[in-house]
Amino acid sequence: MDKTFNPQAIEQKRYQAWEDKGYFKASGHGDPYCILLPPPNVTGSLHMGHAFQHTIMDALIRYHRMKGDNTLWQCGTDHAGIATQMVVERQLNAENKTRHDLGRDAFVDKIWEWKDHSGGTITRQMRRLGTSPDWEREAFTMDDDLSDAVREVFVQLHEEGLIYRGKRLVNWDPVLHTAVSDLEVVNEEENGHMWHMRYPLADGSGELIVATTRPETMLGDTAVAVHPEDERYKAMIGKEIKLPITGRLIPIVADDYVDQDFGTGCVKITPAHDFNDYDLGKRHNLEMINVFTADAKINDVAPKKYQGMDRFDARKVIVEDLESAGLLVKIEDHKLKVPRGDRTGAVIEPYLTNQWYVAVESLAKPAIEAVESGEIRFVPENWNKTYYQWMYNIQDWCISRQLWWGHRIPAWYDDNENVYVGRTETEVREKHNLADDVSLRQDEDVLDTWFSSALWPFATMGWPKETPELETFVPSSVLVTGFDIIFFWVARMIMMTKKFTGKIPFKDIYITGLIRDEQGNKMSKSKGNVLDPIDLIDGIELDTLVDKRTKGMMQPQLAEKIAKRTRKQFPEGIDAYGTDALRFTFAAMASTSRDINFDMGRVEGYRNFCNKLWNASRFVLMNTEEHDTGKDGGKMTLSLADKWIWARFQHTLAEFEHALKDYRFDIAAQAVYEFTWNQFCDWYLELSKPVLNSDASTDAQKRGTRHTLVNVLESLLRLMHPFMPYITEEIWQRVAPLCGKQGESIMVEAFPEIDATKQDEQVLADIEWVKSFIVGIRNIRGEMDISPNKPLSVLLKNASEKDKARLALSEGFLAKLAKLEAIDLLDANDKGPASATALVGDMEIMIPMAGLIDKDAELARIAKSLEKIEKDYARTEGKLSNDNFVSKAPEAVIAKEKEKLEDFKRQIDKLKEQKDTIENL
RNA sequence: GGACGGUUAGCUCAGUUGGGAGAGCACCGCCCUUACAAGGCGGGGGUCACUGGUUCAAGCCCAGUACCGUCCACCA
């Protein structure tokens, strides 16, 4: 084995072997355990959020697989309608072509071509991360099976009247030329203006001043609204305005919606271009005049002058025209929320079109109940409030998109615009008795990508066919995902799965935190703070990293700043930390907090941890390979340390499993780390050396220690495997045979089980005694500047029978670890020579000072600990002298305090005694 | 406007039912001790944001304040 752990050397070959052997498939026996991978976009590449969530899912999957469960990780990718279409369109644009040059069929073919060729990036990267989903079941939301499910759901919902078509105001993306759902619109506050415009009354008797942030929409105004109680305008209700520029006559209406105190108290109403105006228009039966084209230019309803102008150009011209007509009162600066498409960033336009909708109310009810009843559990629990808040106010879902890539809506129209819904055109004709010569054309639109994602829990299991998987793996065990898609995806899966299977889709929903940069900023290309998980695994040169962060930016002017910051933060580039270190980092950071600031220092720390494990294993192997490890029998005597490390391991194992049950991966990781480094390496390996290296040890003792070394390590590797699959496999292959194990791979071994016979509190206490003995001496050495190499003779004062018994059990350990050449007991009344002392319970360890220890230094050391203990003593005494405390606190607490007090007292007495002795030298 | 988080060591974060403030990194000192310098041994460092309350006892429970953040809705 190399002296330093080198992840590159092992990862690839191990993964290939696992996949080739089919270890990722569900075993078919045991309790079902299933996780559904949130299907990443087929266009996507692995980002830190994926890597984090996939690590957690893989840890759970590997754990349950090792526990013997019938474990399935269902994976796949999402066709990601808009994202994918945009990627391929950009490629066409580069060739100076548009999708319209190709036509729909050719364009869709082109996307499939792209998918076959380039769609595998993210699944390749998942493999680098060591994830173990059942790749043979990998699904794609546009696969035939899933498409069948989509059509089936659509038709059934339509038959029940839960899918309908309607002409309504929708969120329209004028760049993509498609409707989008509410969730795909992001509202951000931006600086804008408020224009105050004069609207003259038709009878010439006066005017109203309206305030608007969108003057160009005045072309479509069909009313002016005032509050019914507004004294200023009450008299004008019912009169007409002569709309400037168009000259149309529009009514003044009264409506509660108007806020008297905002703006002028007069609102221009444009029902075709504003959601609130739309509602108001319906209440008042107003005309709806659409003045925009699909790309948000002024259409031919408007006066000739404005036709064909972009909406923002038209705004300028209209404001100018109003101004020159003396109709512009003033322009104020005004902050407003601007709706933008989450994909394009284009300002979304409320736009009147025909779309398909899902009526969600009846679907939402059982979905809410599933969470309220506790059948589905959010972890952390608080997320259910977010879920309820949205679900209680849920709006009908616009599911049609004017795109080419996606599931085409299974609806056909005849020449009279009658609509027929069915699984196929043939079915439609049969069902509606349409003769072959009736021409039918299919709806041009496709479905929202999230429509098919909503079916993921059952469509991937074969629905609508009745399959064994549907029976076994619905509901799945846990959904691991981010809070950003609770509405988009989680809620809709619950609704659809309840509706079509009658079952819940998953029992637990573990909501992970969001990975941010070390300062808490969101990682984004424009901030130039994105980390690629693969770069953390493989490492990356500084120049390459700078290139990656600054190439192809939307705002190239930021490039220089980003380059500079990157060079400052990573002067040497990024080290190759390896998959296991990265995974362990993610596990260790997965606490309950909703934001996770990714700290490179931790990756480095856990890389060091891998190296520590590697070298500890090297030590174990050096001392066991080609030696008798007791695997074939033979008498074995276990040392105190051997028994202790087993007892300690039981604790760690219990803590790990308990933490995993609560999805506290941070606690689980911490437990493993602490055991491995602070117990196994720092103490047990050191404690094994005296046994292995001493001529006085018997074969049985050596065999016992070797057996323990190799078997504890082997168990530990299995414990760690879910977090760190590669390094544990690599080492296990060498270690397992020394334990007499024949298995092919650690990943199909059983997870360690708690062995009650190895839980031994007495042994744990004994080693604590040994440790404090050794630490006491090391402390004196450290503070008194006594070289660790200098052998010391120590005297023990006030040793009890128990101390003596423990001494007998551990003399070899003490001699070696504290580097002692002699340990002698003092008689009860012998004060002994002037010494530096350490306390182990009531026993004093004395290191005679003669020629070794400076008087003042030792006095200072005593003063320091005396000060500390006296403070503790005072606090405890204060408590116990408080009548309220003594009369009201539980007895156990009081007893504990009393015990503490006595302990402090004893320590103080001994320290004072020491002080006197030394002062009198 | 509504909902939900956060504030603990220089940094990133734990702190389970209230009962002697923790980890990693960073820092200081000593050490290349035959697994590991990506290491070993020892050490320093915190008014637990603030105010008040409950309690014998509060980082933890309650009320309020300040600051930071997220989501939803939205006034033209």
Side-chain angles (χ1 to χ4, degrees), chain A residues 1 3-5 182 187 194-195 210-214 217 225 257-259 261-270 274-277 280 334 336-337 380 382-383 385-386 388-390 393 483-484 486-487 514 518-520 575 577 581 588-589 591-602 604-623 658-659 662 664 666-667 670 673-674 678 681-682 685-686 689 693 775 778-789 819 872 875-876 879 882-890 892-894 896-897 900 904:
Chain A
M1 277 172 96
K3 199 169 163 182
T4 304
F5 169 54
D182 300 345
N187 292 291
M194 178 93 89
W195 286 268
V210 297
T212 180
T213 55
R214 301 207 53 195
T217 62
Y257 157 72
V258 179
D259 178 353
D261 300 325
F262 188 87
T264 60
C266 303
V267 189
K268 63 187 267 315
I269 301 299
T270 324
D274 181 282
F275 288 101
N276 288 309
D277 294 5
L280 190 145
H334 182 73
L336 73 162
K337 290 278 176 78
N382 236 304
W383 287 110
K385 294 202 175 139
T386 305
Y388 292 142
Q389 204 196 339
W390 192 70
N393 301 300
F483 57 82
D484 49 333
I486 289 179
F487 308 144
L514 185 75
E518 69 288 347
Q519 290 169 342
D575 270 0
Y577 295 112
M589 293 195 309
S591 67
T592 56
S593 72
R594 57 171 69 178
D595 292 307
I596 294 164
N597 296 357
F598 192 84
D599 178 11
M600 290 293 292
R602 304 228 3 212
E604 191 180 339
Y606 294 124
R607 187 271 315 260
N608 295 353
F609 177 58
C610 290
N611 192 49
K612 188 75 180 174
L613 174 66
W614 184 258
N615 277 291
S617 303
R618 233 159 48 87
F619 171 83
V620 171
L621 290 169
M622 284 164 76
N623 284 286
H658 187 261
D662 292 338
R664 286 302 302 269
D666 58 328
I667 294 174
Q670 176 62 30
Y673 183 96
E674 206 275 339
N678 303 122
C681 292
D682 287 352
L685 295 190
E686 296 306 320
K689 289 175 186 176
N693 298 336
V775 167
R778 281 178 181 168
N779 183 293
I780 293 170
R781 282 184 189 271
E783 301 211 356
M784 295 297 125
D785 260 346
I786 302 172
S787 160
N789 295 322
K819 190 95 180 168
D872 289 339
R875 194 182 44 240
T876 310
K879 261 191 193 178
N882 180 342
D883 286 344
N884 276 326
F885 175 73
V886 179
S887 58
K888 292 187 182 168
V893 173
I894 296 171
K896 202 173 153 198
E897 290 295 314
K900 267 157 57 181
F904 293 145

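Heavy-atom basis, side chains included; hydrogens, waters and symmetry copies ignored. Please read all numbers here as calculations on a predicted model, not as lab measurements. Within every chain, numbering begins at 1; the chains are lettered A, B, ... in the order of the sequence lines, protein sequences first and strands thereafter.
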* Structure fact -> Partner of A:L685 under side chain to side chain contact (heavy atoms under 4.5 Å, CB included), picked from A:V620, A:N615, A:N623, is A:V620

* Could you check A:T213 against A:T4 and say which one's nearest nucleotide on RNA chain B is further toward the 5' end? => A:T4

* Asked: Using atom P of each nucleotide, how far apart are B:G59 and B:G22 to the nearest Å?
  -> 14 Å

* **Complementary nucleotide of B:G22, counting Watson-Crick and G-U pairs under 3.5 Å** => B:C13

* Provide the Watson-Crick or G-U wobble partner of B:G46, both distances under 3.5 Å; none if there is no partner. => none

* Given B:A14, B:A35, B:G19, which nucleotide is nearest the side-chain atoms of A:A616? -> B:A35

* **Rounded distance in Å between the P positions of B:C68 and B:A21** => 32 Å

* Structure fact -> Which of B:G42, B:C56, B:A38 is nearest the side chain of A:N884? It is B:C56

* Asked: Between B:G69, B:C41, B:G43, which one does the side chain of A:R594 approach most closely?
  -> B:G69

* In whole Å, what separates the C1' atom of B:G53 from that of B:G2? -> 28 Å

* **A:Y673 ring center within less than 6.0 Å of A:Y606 ring center** => yes

* Asked: With distance as the sole criterion, do the side chain of A:K612 and the base of B:C36 form a donor-acceptor contact below 3.5 Å?
  -> yes

* Within 45° of the ring axis of A:F5 and under 6.0 Å from its six-membered ring centre, is that where the NZ or CZ of A:K612 lies? -> no

* Asked: Using atom P of each nucleotide, how far apart are B:G15 and B:C31 to the nearest Å?
  -> 40 Å

* **By side-chain contact (heavy atoms from CB on, under 4.5 Å) - contacts of A:T386 (at least two apart)** => A:W383, A:F487

* **A:D259 vs A:D785, nearer the 5' end of RNA chain B by closest nucleotide** => A:D785

* Both distances under 3.5 Å, Watson-Crick or G-U wobble: report the partner of B:C67, or none. => B:G6

* Asked: Taking the same atom, P, in B:G5 and in B:G64, what whole-Å distance lies between them?
  -> 15 Å

* Expressed as a whole number of Å, how far does the C1' atom of B:C62 sit from that of B:G24? -> 34 Å

* Under 4.0 Å between a side-chain N/O of A:N608 and OP1 or OP2 of B:G39, yes or no? -> yes

* Test for a donor-acceptor pair under 3.5 Å between the base of B:A57 and the side chain of A:E897, counting only N and O atoms. => no

What protein N or O atoms touch nucleotides 9-13 of chain B N or O atoms at under 3.5 angstrom, if any, and at what distances?
| residue | atom | partner | partner atom | Å |
| --- | --- | --- | --- | --- |
| B:C13 | OP1 | A:N597 | N | 3.4 |
| B:C13 | OP1 | A:N597 | OD1 | 3.3 |
| B:C13 | OP1 | A:N597 | ND2 | 2.7 |

* Phosphate OP1/OP2 of B:A35 contacted by A:K689 side-chain N/O (<4.0 Å) -> yes

* To do: Would you kindly give the CG-to-P distance between A:N393 and B:A3, to the nearest whole Å?
  => 13 Å

* Structure fact -> B:G1 -> Watson-Crick or G-U wobble partner, both distances under 3.5 Å, gives B:C72

* Could you work out which one of B:U33, B:A35, B:C4 sits closest to the side chain of A:N615? => B:A35

* **Pairwise P distance, B:A3 and B:C50 [rounded to whole Å]** => 26 Å

* Closest listed nucleotide, where the reference is the side chain of A:Q670 and the choices are B:C36, B:U33, B:A23 -> B:A23

* **Spacing of the P atoms in B:C4 and B:G42 (rounded, Å)** => 47 Å

